[in-house]
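Here is the structure we will look at.
Whatever order the structure lists them in is the order used to number ligands and atoms, beginning at 1. All values derive from a computational prediction rather than experimental measurement.
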Amino acid sequence: MISLSRTTTSPEATAALAAGLADVLAFSDVLAVHGPLGAGKTTFTRALAQALGTRQGLASSPTFVMINQYPFTNQRLGQGQLIHVDAYRLTSAEDLESLGWDALFEPSSRLARGNSIALIEWADRIADALPHDLASLTITPVGNSERTFDFSLPDAWNARPNVELFTANEPARCPTTREWVSPTAPTYPFASERAKLADLHRWFTGGYTVSRAIEPDDLDENM
Ligand code: ADP
Ligand code: MG
């Protein structure tokens with residue numbers, strides 16, 4: 001298992017973290033999200049859906065409809081769907097059957113079928129229906145706005161192109177725009193190429209200052 005722990009201090013930083021995970025996901029993945037009420041499961045899921053490229057916003061709560069499906073178009077993955085399951089009220093395999101579970105999950109591997117990625121809340125209630133290669137995320141509220149995200153990802157994910165960036169980088173604020181930037185952003189820690197160039201420009205035009213007086217050694221004698 002790949003273990004990764006991250007702490008964020010705002011919903012925006014959480015969204016950047018979710019966008020990083022979105023860049024690591026592949027079709028058939030199943031992600032279990034754990035955490036108490038108010039931990040940030042919906043905040044994380046909404047940002048993940050958005051980063052995947054869903055057209056419609058997340059339903060405010062899937063509690064009455066236990067399975068929601070959100071089609072998405074993603075630059076890397078192409079067309080797919082995010083399956084959002086709230087297993088809170090589910091107790092038995094029979095429940096799953098009546099929800100049409102087998103049409104969405106492959107019975108032998110228990111992975112999501114076709115071009116789908118599944119996110120399951122309260123996954124412990126349907127443990128028997130979960131795949132061996134399950135990814136999981138536990139969100140722990142620390143204070144008012146501090147949340148710890150503990151990821152446990154299958155070892156097989158180490159072969160995925162964005163895993164290295166996702167595990168090496170933390171969400172960061174763009175030095176130019178102050179937006180939160182995903183760990184997997186190609187211009188990390190900048191929000192965009194433009195923001196990166198603006199920062200470079202600031203260097204050249206003296207927008208940055210050194211914290212001590214310039215000494216002779218700092219200067220090229222031949223200039
Ligand atoms: P859950 O779905 O787990 O019950 P929600 O995502 O609905 O939780 O609610 C999380 C609440 O915590 C939101 O009101 C959000 O604004 C707030 N919050 C504060 N700090 C954070 C953070 N760092 N990450 C995510 N949410 C946060
Ligand atoms: Mg919720």
Handout entry: Thr45 contact mode with ligand 1 (heavy-atom cut-off under 4.0 Å)
Key =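 Answer for Thr45: neither.
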Practice task
Mind checking whether Thr42 contacts ligand 1 via backbone (N, CA, C, O), side chain (CB onward), both or neither, at a 4.0 Å heavy-atom cut-off?
Solution key: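 Both backbone and side chain of Thr42 come within 4.0 Å of ligand 1.
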Approximate separation, where rounding is to 0.5 Å, of [X] [atom1] and [Y] [atom2]:
X: Thr45; Y: Lys41; atom1: OG1; atom2: NZ; answer: 8.5 Å
X: Met1; Y: Asp155; atom1: CE; atom2: CG; answer: 7.0 Å
X: Asn158; Y: Glu164; atom1: CG; atom2: CD; answer: 9.5 Å

Handout entry: Salt-bridge contact Arg125-Asp95 (side-chain N to carboxylate O under 4.0 Å)
Key =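 Asp95 and Arg125: not salt-bridged.
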Exercise for the section: Start with the C-alpha gap between Arg202 and Asp199, add the side-chain angles, then the distance that decides, and say whether salt bridge (Lys or Arg N to Asp or Glu O under 4.0 Å) holds. Expected result: CA-CA 5 Å; Arg202 246 190 305 168; Asp199 186 70; 3.5 Å; yes
Flag [X] as yes when one of its N or O atoms lies below 3.5 Å from any N or O atom of ligand 1, and as no otherwise.
X: Arg147; value: yes
X: Phe149; value: no
X: Glu146; value: no
X: Gly38; value: yes

Handout entry: Minimum non-hydrogen distance to atom 15 (C) of ligand 1, winning option of Pro36, Ala13, Pro11
Key =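 The nearest heavy atom belongs to Pro11.
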Handout entry: Check: Asp150/Ser5 side-chain N/O donor and acceptor closer than 3.5 Å
Key =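 There is such a pair between these side chains.
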Handout entry: Given Val85, Thr138, Leu137, the one that forms side-chain contact (heavy atoms from CB on, under 4.5 Å) with Val33
Key =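 Looking at Val85, Thr138, Leu137, the match for Val33 under the side-chain contact (heavy atoms from CB on, under 4.5 Å) is Leu137.
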Exercise for the section: Report the nearest protein non-hydrogen atom to atom 8 (O) of ligand 1: residue, atom name, distance rounded to 0.1 Å. Expected result: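 Its nearest protein heavy-atom neighbour is Gly40 N, 3.1 Å.
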Problem - Non-hydrogen atoms of Ala195 and Cys174 that approach each other most closely - result: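 Shortest heavy-atom separation between Ala195 and Cys174 comes out as CB-SG, 3.8 Å.
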Exercise for the section: Say whether Ser10 and ligand 1 are in contact under the criterion: heavy-atom distance to a ligand atom below 4.0 Å. Expected result: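 Yes.
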Practice task
Assess Thr45: does it contribute an N, O or S atom lying under 2.8 Å from the Mg ion (ligand 2)?
Solution key: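 Of the N, O and S atoms in Thr45, none lies under 2.8 Å from the Mg ion (ligand 2), which means no.
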Handout entry: atom 24 (N) of ligand 1 touched by protein heavy atom at under 4.0 Å
Key =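 Flag for atom 24 (N) of ligand 1 set to true, protein heavy atom closer than 4.0 Å.
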[X] neighbourhood, listing ligand 1 atoms whose heavy-atom distance to it stays under 4.0 Å:
X: Thr43; answer: 5 (P), 6 (O), 9 (O), 10 (C), 25 (C)
X: Ser145; answer: 19 (C), 20 (N), 21 (C), 22 (C), 23 (N)
X: Thr8; answer: 22 (C), 23 (N), 24 (N)
X: Asn144; answer: 19 (C), 20 (N)
X: Thr9; answer: 23 (N)

Exercise for the section: Name the orientation class of the two ring planes belonging to Phe166 and Phe151 (parallel below 30°, tilted from 30 to 60°, perpendicular beyond 60°). Expected result: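 Taking Phe151 first and then Phe166, their aromatic rings stand perpendicular (interplane angle over 60°).
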Practice task
Please check if atom CD in Glu106 has more than 12 non-hydrogen atoms from other residues, nucleotides or ligands closer than 6.0 Å.
Solution key: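 Result for CD/Glu106: enclosed.
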